[in-house]
Amino acid sequence: MDRYLVFGHPVRHSKSPFIHTLFARQTQQELEYGLAEPDVDEFAQALRTFFDQGGKGCNVTVPFKEQAFTLVDCLSPRAKRAGAVNTIKLTDDGVLLGDNTDGAGLVADLKSHGVTLADSRILLLGAGGAARGSLAPLLAELPSELVIANRTHTKAQQLAAEFHDLGPVTAQTYEQLAGPFDLVINSTSASLQGELPPLAPALIHTDIAIYDMMYGASDTAFICWAKQHGARQTMDGLGMLVEQAAEAFTVWRGIRPGTKQVLRELKRNLGMI
């Protein structure tokens, strides 16, 4: 049976085995999917061993995405742009192909919620790996402007300069931000600690769409804050998790699974419904 893994540290909380098991059942694919949690300095060896022992593909999560970028044999265009790999496939020619499905998953989830990206003004909070992986797919949707804000302003500037050839992307400090924005995406990990990015409440209005890449059984701190200041449409990153997984499954198996039922089952598993 074909074997797949998700590599991360920590990774025991991962819902990827649950999601991919449902995808396999839905598409009648024979595979098994497990977890691997090597120490940070043992990832390269663990990855090699997995494929040497017959592994067909894997997902890669924190903190290994940048390291995976350097370990594969070739990169998809979107992985090359992102500078990070979250999906690896062993091709029929024995080549390790690195891909990045995060941005595609984000855009698919936003569209499933009815969010219009074309001609919209988007604010992206954070300048780390999650933001980097999202920029090209977001800019491909032709927003009127995409503004990056980050606590370390120089990182936002570097990111904006790197992706400037793809569309109207700029960097601003949190103090410089001026509305209105149509969509705010929080790609920082602040919600994991129950913290908030230093965003002025005045930027929130009733017609804005708020997206937090983090998720939990209840609203994240950022979503709670946005609701308190009048945002009516708020979304967490659970749908993005399922959509990027579907994209990875398609890379591996050549068949696109449906996501709506799987997302519903995942919410039930997490006690959200």
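Remark: the backbone N or O of Lys155 is not paired with any side-chain donor or acceptor of Asn150 at under 3.5 angstrom. Side-chain atoms of Ser14 come within 3.5 Å of backbone N or O of Ser16 as a donor-acceptor pair. In this structure, Gln244 contributes its side chain and Leu241 its backbone to a donor-acceptor pair below 3.5 Å. Of the possible polar contacts, one joining the Lys89 side chain to the Val251 backbone as a donor-acceptor pair under 3.5 Å is found. In this structure a side-chain-to-backbone donor-acceptor pair under 3.5 Å is present from Thr70 to Gln67. The backbone N or O of Asp207 lies less than 3.5 Å from a partner atom in the side chain of His205, making a donor-acceptor pair. Judged by distance alone, with hydrogens and angles left aside, the side-chain atoms of Ser120 form a donor-acceptor pair with the main-chain N or O of Leu117 at under 3.5 Å. Here the side chain of Asp212 pairs a donor or acceptor atom with the backbone of Met214 at under 3.5 angstrom. Counting only distance, with no hydrogens or angles, the side chain of Trp252 and the backbone of Ile88 share a donor-acceptor pair below 3.5 Å. Checking side-chain atoms of Glu37 against main-chain N and O of Val11 turns up a donor-acceptor pair under 3.5 Å.
Using a 4.0 Å cut-off between a side-chain N of Lys or Arg and a carboxylate O of Asp or Glu, Arg78 and Asp99 qualify as a salt bridge. Salt bridge status for Arg256 with Glu247: present, with a side-chain N to carboxylate O gap under 4.0 Å. With respect to Arg253 and Asp2, a salt bridge is recorded, a charged nitrogen being found less than 4.0 Å from a carboxylate O. Under 4.0 Å is where a charged nitrogen must lie from a carboxylate oxygen, and between Glu30 and Arg3 no such pair does.
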Quiz item: What do the steps show when you test Val147 against Leu124 for side chain to side chain contact (heavy atoms under 4.5 Å, CB included), and what is the final call?
Solution: CA-CA 6 Å; Val147 178; Leu124 179 61; over 6 Å; no
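Side chains of Leu159 and Val169 form no contact here, defined as non-hydrogen atoms less than 4.5 Å apart. Using a 4.5 Å heavy-atom cutoff, the side chains of Arg132 and Glu162 are in contact. Taking 4.5 Å as the limit, every side-chain heavy atom of His9 sits out of range of all side-chain heavy atoms of Pro38. Using a 4.5 Å heavy-atom cutoff, the side chains of Lys267 and Leu263 are in contact. Asp236 has its side chain within reach of Met272: a pair of non-hydrogen atoms, C-beta onward, lies under 4.5 Å apart. The shortest distance between side-chain heavy atoms of Thr250 and Ile255 does not fall below 4.5 Å.
Checking Leu203, Ile204, Ile210 one by one against Phe181, the side chain to side chain contact (heavy atoms under 4.5 Å, CB included) holds for a single residue, Leu203.
Using modelled atom types, one finds no donor on one side chain facing an acceptor on the other under 3.5 Å when comparing Tyr4 with Asn59. Gln53 and Thr49 share no side-chain donor-acceptor pair at under 3.5 Å. For the residue pair Asn100 / Ser76, no side-chain donor-acceptor distance below 3.5 Å is found, with atom types taken as modelled. Judged by distance alone, the side chains of Thr91 and Asp93 never bring a donor and an acceptor atom under 3.5 Å apart. Residues Tyr211 and Asp109 bring a donor and an acceptor atom of their side chains to less than 3.5 Å of each other.
Scanning both residues, Gly126 and Ser187, for their nearest heavy atoms gives CA-OG, 3.7 Å. Closest approach of Asp119 to Asp182, counting heavy atoms only: O-OD2, 4.5 Å. Heavy-atom minimum distance, Leu270 versus Lys15: CD2-CE, 3.4 Å. The nearest pair of heavy atoms linking Pro197 to Tyr174 is CB-OH, 3.7 Å. Counting all heavy atoms, side chain and backbone alike, Ala221 lies closest to Leu196 at O-CD2, 3.4 Å. When all heavy atoms are compared, the tightest approach of Leu5 to Tyr33 is O-OH, 3.7 Å.
At a threshold of 4.5 Å between side-chain heavy atoms, the hydrophobic network of Ile, Leu, Val, Met, Phe, Trp and Tyr places Leu96 and Val60 in one connected group.
Aromatic ring centres of Phe64 and Phe7 lie farther apart than the 6.0 Å criterion allows.
Shown here is Gln193, whose CD atom has more than 12 heavy atoms of other residues, nucleotides or ligands within 6.0 Å.
The aromatic rings of Trp225 and Phe222 lie parallel to each other, with less than 30° between the two planes, well short of the 60° mark.
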